[in-house]
Visitor: 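My questions will all concern the structure given below.
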Amino acid sequence: MPRILAVAAAQMGPVSRADSRASVVKRLIDMMRQAKAMGAEVIAYPEAALTAFFPHWFVADEAELDAYFERAMPSKDTQALFDEAKRLGVGFHLGYCELDFSAGRKRRFNTAIVVDRTGEIVGKYRKIHLPGHQEHRPQAPFQNLEKRYFEVGDLGFQAWRAFGGVVGTMICNDRRWPEAFRVLGLQGVEMVFCGYNTPVHHPASPEHDRLGQFHNELSMQAGAYQNCTWVIGVAKAGVEEGVDTIAGSTIVAPTGEIAARCSTNGDELIVARCDLDLGKSYRETTFNFAKHRRVEHYTMIVERTGAIPPN
Ligand code: ING
């Protein structure tokens with residue numbers, strides 16, 4: 001009996017600084033209802049879906065910065081999303097910014113959760129690969145201050161049983177690092193959710209601008225194929241607070257092929273019927289990790305951080 005999971009990628013257009021959480025949650029619920037009508041059993045939203053992507057500008061005031069974070073999940077504003085998901089019997093993946101006090105001090109994370117079809121949170125991930133820079137660069141057209149605003153995630157790359165399979169998450173820049181996919185692959189992951197906010201322009205390396213969508217797809221297609229997993233890549237897209245961000249939300253099959261791709265820069269749903277057993281033949285042959293991997297030759301991967309060329 002094939003394990004088919006109908007998944008929707010809910011690409012979002014811009015969220016403005018002025019948008020209330022309630023207005024954004026309404027957009028999410030509208031897309032959830034449409035996805036349900038299209039047969040989806042799970043819907044995946046982007047990274048930092050509830051607010052404008054504030055790492056793109058410098059925020060000096062701590063209270064102003066904290067206003068972009070959620071102190072609880074569900075919170076009073078997101079409870080409506082959880083309630084509607086439970087009513088519709090739809091699971092979801094949501095990226096948001098998390099304020100945490102569980103370690104006895106204030107900690108800020110770029111976070112994503114997986115919620116099952118009963119409305120229960122089955123997994124939480126905190127972004128590990130934080131791109132960009134710590135310091136304010138006033139001369140740049142925009143910032144990427146994730147290293148300033150977030151701590152490195154402390155939950156690792158975990159896989160969880162949900163929706164009849166094994167699922168995992170990563171966030172945005174994580175998809176560019178094969179280690180993130182491989183740690184999930186070593187847990188037998190069958191579907192990876194990955195939201196992203198990716199600028200078109202790279203102030204420090206404008207020659208990269210023309211390849212944004214190519215590198216987006218290359219990263220997710222490679223991760224999918226080399227780890228025998230579906231990848232659901234979901235953008236917050238369009239010109240958000242003056243920063244043009246790539247769209248191109250994509251559902252990638254374990255074969256590495258693109259099963260569905262968004263074609264606009266706004267709120268757009270794509271749905272694919274994902275056979276969770278499609279990666280099995282690769283897992284049993286080409287990527288039979290237990291049979292083919294030679295970990296005794298990989299120690300440099302965990303022992304060396306930066307590249308050191310030979311003398
Ligand atoms: N954004 C971008 C991303 O990794 C980036 C930052 C873009 C880094 C292109 C390197 C190259 O897609 C986030 N939020 O990680």
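Atoms within a ligand are numbered from 1 in the order they appear, just like the ligands themselves.
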Visitor: Would you say E146 contacts ligand 1, with heavy atoms under 4.0 Å as the rule?
Guide: yes
Visitor: Given G95, S219, P131, A235, which has its nearest heavy atom closest to atom 6 (C) of ligand 1?
Guide: P131
Visitor: Which of these passes side chain to side chain contact (heavy atoms under 4.5 Å, CB included) with W160: V189, T169, V166?
Guide: T169
Visitor: Which heavy atom of the protein is the closest neighbour of atom 8 (C) of ligand 1, given with residue, atom name and distance?
Guide: N173 ND2, 3.3 Å
Visitor: Please work out, at 4.0 Å between heavy atoms, whether the side chain, the backbone, both, or neither of Y196 comes within that distance of ligand 1.
Guide: neither
Visitor: Could you tell me whether E47 approaches ligand 1 through its side chain, its backbone, both or neither, with non-hydrogen atoms closer than 4.0 Å?
Guide: side chain
Visitor: Which ligand 1 atoms are under 4.0 Å away from a heavy-atom of N197?
Guide: 1 (N), 2 (C), 13 (C), 14 (N)
Visitor: Taking the six-membered ring for Trp and the single ring otherwise, decide whether the centroids of F54 and F69 are under 6.0 Å apart.
Guide: yes
Visitor: May I ask you to decide if the ring planes of H129 and W177 are parallel, tilted or perpendicular, using 30° and 60° as cut-offs?
Guide: parallel
Visitor: Using a 4.0 Å heavy-atom cut-off, which part of K127 comes near ligand 1: side chain, backbone, both, or neither?
Guide: side chain
Visitor: Examine the proximity of ligand 1 to R176 and report which part, side chain or backbone, both or neither, has a heavy atom under 4.0 Å away.
Guide: side chain
Visitor: Using the six-membered ring wherever Trp is involved, compare the ring planes of Y68 and W57 and label them parallel, tilted or perpendicular (cut-offs 30° and 60°).
Guide: perpendicular
Visitor: Return the closest protein heavy atom for atom 12 (O) of ligand 1 as residue, atom name and distance.
Guide: T198 OG1, 2.6 Å
Visitor: Where's the contact between H202 and ligand 1, heavy-atom distance under 4.0 Å: side chain, backbone, both or neither?
Guide: side chain
Visitor: Where does the angle between the aromatic ring planes of H93 and F193 fall among parallel (under 30°), tilted (30 to 60°) and perpendicular (over 60°)?
Guide: parallel
Visitor: Report yes or no: is the cationic atom of R175 (NZ for Lys, CZ for Arg) closer than 6.0 Å to the six-membered ring centre of Y196, at no more than 45° off its axis?
Guide: yes
Visitor: Salt-bridged, E84 to K36, with N to O below 4.0 Å?
Guide: no
Visitor: Are the side chains of R137 and F58 in contact, using a 4.5 Å heavy-atom criterion?
Guide: no
Visitor: Nearest protein heavy-atom contact for atom 13 (C) of ligand 1: which residue, which atom, what distance?
Guide: C172 SG, 2.8 Å
Visitor: If we only consider heavy atoms of H129, is any one of them less than 4.0 Å away from an atom in ligand 1?
Guide: no
